[in-house]
Novice: 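Quick one: the structure is below, and I'll ask about it shortly.
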Amino acid sequence: MAKDFYTREENYSKWYNDIVLKADLAESSAVRGCMVIKPYGYAIWEKMQSALDKMFKDTGHSNAYFPIFIPKSFLNKEADHVEGFAKECAVVTHYRLKKDPSGKGIVVDDTACLEEELVVRPTSETIIWDTYRKWIQSYRDLPILVNQWANVVRWEMRTRLFLRTAEFLWQEGHTAHATKEEAVEETIKMLDVYTEFAEKHMAIPVIKGLKSENERFAGALETYCIEALMQDGKALQAGTSHFLGQNFAKAFDVKYSSKEGKIEYVWATSWGVSTRLVGALIMAHSDDNGLVLPPKLAPIQVVIVPIYKSRQEFEQVCEKAREIKKGLEDRNICVKLDDRDTHKPGWKFNEYEFKGVPVRIAIGMRDLKNKTVEIARRDTLEKTTFQEADIVNKIEHLLEAIQDNLYQKALSFRENNTTKADTWEDFKDILDNQGGFIYAHWDGTVETEQKIKEETKATIRCIPSDNKKEKGECIYSGKPSDQRVIFARAY
RNA sequence: CGGGGUGUAGCGCAGUCCGGUUAGCGCGCGUCGUUCGGGACGACGAGGUCGCAGGUUCAAAUCCUGCCACCCCGACCA
């Protein structure tokens, strides 16, 4: 096979880039830092969207849509919030263009200056909470459980396709509650939704936990996250859920009358996942032969490649292929019959392999005679010949087996790359030579975390939700600590 | 925003140091034929404002100035 792309070993980030580009997921655009998501990549995102959207609806949420533009003044109503985002906001200052007086092209019309500049949303807490003020008067108006699917812009210095782009797609849930307990419960509930999605659909094991103060969302009281481990040993935050307390309610004056007739501030949460998940998916499962997709998120779950010489053979083979396709589609399996005559079978094999299609069926005259089909699975690259009888059930089980195998592989990778460090030397050594998640004691201070970050580039990924208490000494300062936290270098 | 690199056909590159016929090569693309169970082969063919704007020169892909874009490494971030 002609290798025209990088392997993980050679250059991990080029390998990643090659997969994104050559599997037709996305490409960079004419606009700095912004990507074009191509149909195949977008189809993966749509699969993610539809699974998540259902989970949101099942937990009582509704979709809505808020403006992409936020009045500049909104952003600085919550002090921490503005601090967190001010450095990466795109700002709209004018609303009109005109012909360049010199005759060439168009220029901004200086007379059409906005009275108040508009910020392109980096996230929507402010515009949403300004709106919620109008929606909420009584405890009867609560809770509000709203999600929006949207694009946001964060003017990043350095971008990477899917992992970090100036504009990205995401969903952001914004809920309003009467009590602290209810808001905290919501925060955890949505974290659990994300965990289930990551593990069941993306086949990526994640660690649920709480962010340290350093890594907390600007404006949140507590930020929870799910952290996944990529094949190069770096961590990737795959989802966040914030308990916002009453910060935004106070900033935007959102109050309600309780049953007892008291005026109270509303409690808030927000939670989101983004197109970054596509990057996570790639880096968690793919191999040196290209993309590997878990069946549940694969736009094409099964591809059928007919093998033939003459036109007559083509017809015969395709007839069988269509029959199998129909059977699979009746089970809601997404099948593509690639009956293009413009490409040869071998070419198609490589094409679908690189694009991560979980199962490939090849049917030729030999199979028609023997009542068999050739099955190739993408995760293990195994090829087997199946009897055609009961093929639909077999494929259905195979897809489940692939989904499960990918999860198990990712899980054992994580287990093999999760270590404990008890000395500073060990800690640095593991980071440089192995990577992965490192459980280590930490004295709980921001200063120590920052020092560790400066010296090693590792950050605290989270304090795991199911963490067990354990007396120890901080890996860096030697001060007493009562639990280990997870450190890693991260995306 | 700092350091480094690269812009030449759809993609990947050579040519640039040392200016001089008609700017090449591989892949891809088109037509025809033979092929077709892991990226086929042959023949013929199409395709270029050499990133953009100035300048030097008889002559610029090549030298000079400015700008732009992208990539890599840092600081920041989901």
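Within every chain, numbering begins at 1; the chains are lettered A, B, ... in the order of the sequence lines, protein sequences first and strands thereafter. Because only heavy atoms are used, hydrogens play no part in the values below, and waters and symmetry mates are left out as well, while side chains stay in.
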Novice: Take A/Ala166 and A/Met365, find for each the nucleotide of RNA chain B with the closest heavy atom, and name the residue whose nucleotide sits nearer the 5' end.
Specialist: A/Met365

Novice: Could you tell me whether the side chain of A/Ile361 reaches within less than 4.5 Å of the side chain of A/Leu328, counting heavy atoms only?
Specialist: yes

Novice: Determine the interplanar angle of the A/Phe248 and A/Phe252 rings, folded into 0 to 90°, and report it as parallel if under 30°, tilted if 30 to 60°, perpendicular if over 60°.
Specialist: parallel

Novice: Got a sec, which pairs hit salt bridge (Lys or Arg N to Asp or Glu O under 4.0 Å) with one end in residues 191-207 of chain A, sequence neighbours left out?
Specialist: A/Asp192-A/Lys208

Novice: Does A/Phe217 have A/Lys211 sitting over its ring (NZ/CZ under 6.0 Å from centre, angle to axis within 45°)?
Specialist: no

Novice: Work out how far the P atom of B/G4 is from that of B/U65, and round it to whole angstrom.
Specialist: 15 Å

Novice: Grab the CZ-C1' distance between A/Phe349 and B/A40 for me, whole Å please.
Specialist: 14 Å

Novice: Answer with base, sugar-phosphate or nothing: what part of the nucleic acid does A/Thr342 contact at a heavy-atom distance below 4.0 Å?
Specialist: nothing

Novice: For B/G47 versus B/A9, give the span between their C1' atoms, rounded off to a whole number of Å.
Specialist: 6 Å

Novice: To the nearest Å, how far apart are A/Glu215 CD and B/C76 P?
Specialist: 11 Å

Novice: How close or far is atom C1' of B/G37 from atom CD of A/Glu313, stated in whole angstroms?
Specialist: 12 Å

Novice: Looking at A/Glu319, I'd like to know if its CD atom is crowded, meaning that more than 12 non-hydrogen atoms belonging to other residues, nucleotides or ligands lie closer than 6.0 Å.
Specialist: no

Novice: Looking at B/U35, B/A78, B/G39, which one has an atom nearest to any side-chain atom of A/Lys344?
Specialist: B/U35

Novice: Of all the choices, B/G39, B/G37, B/A75, which nucleotide is nearest to the side chain of A/Arg158 once you look at every atom?
Specialist: B/A75

Novice: Kindly point out which of B/A78, B/A75, B/G38 is positioned nearest to the side chain of A/Ser274?
Specialist: B/A78

Novice: Any residue in residues 452-463 of chain A with a heavy atom nearer than 4.0 angstrom to RNA chain B? Just list them by number, or reply none.
Specialist: A/Lys453, A/Lys457

Novice: Please classify the nucleic acid contact of A/Phe168 as base, sugar-phosphate, or nothing, using heavy-atom distances under 4.0 Å.
Specialist: base

Novice: Nearest whole angstrom, please: distance from the P of B/A40 to the OH of A/Tyr308.
Specialist: 13 Å

Novice: Which of these nucleotides, B/G39, B/A78, B/G37, is closest to any side-chain atom of A/Glu374?
Specialist: B/G37

Novice: Over all strands shown, is A/Gln237 touching base, sugar-phosphate only, or nothing at heavy-atom distances under 4.0 angstrom?
Specialist: sugar-phosphate

Novice: Going by atom types only, do A/Gln231 and A/Tyr12 share a side-chain donor-acceptor pair under 3.5 Å?
Specialist: no

Novice: From NE2 of A/His242 over to P of B/A78, roughly how many Å is that when rounded to an integer?
Specialist: 8 Å

Novice: Exactly one of A/Lys394, A/Lys371, A/Lys320 should register a side chain to side chain donor-acceptor pair (under 3.5 Å) with A/Glu388. Which one does?
Specialist: A/Lys320

Novice: Nearest whole Å is fine: how far is B/C72 P from A/Tyr16 OH?
Specialist: 12 Å

Novice: Reading RNA chain B from 5' onward, which residue's closest nucleotide shows up sooner: A/Lys309 or A/Ala490?
Specialist: A/Lys309

Novice: Looking at every strand, decide which applies to A/Arg360 at a 4.0 Å heavy-atom threshold: base, sugar-phosphate, or nothing.
Specialist: base

Novice: Separation of A/Glu351 atom CD from B/G28 atom P, in whole Å?
Specialist: 13 Å

Novice: Closest approach to the side chain of A/Ile307, judged atom by atom: which nucleotide of B/C76, B/C36, B/G38 is it?
Specialist: B/C36

Novice: Contact class for A/Lys383 (heavy atom, under 4.0 Å): base, sugar-phosphate, or nothing?
Specialist: base

Novice: For the pair made of NZ in A/Lys22 and P in B/G10, what is the distance, rounded to whole Å?
Specialist: 18 Å

Novice: For a quick check of understanding: with a heavy-atom distance under 4.0 Å over all strands, which category does A/Leu163 fall into, base, sugar-phosphate or nothing?
Specialist: base

Novice: Would you say the side-chain atoms of A/Asn214 and A/Gln450 include a donor-acceptor pair closer than 3.5 Å?
Specialist: yes

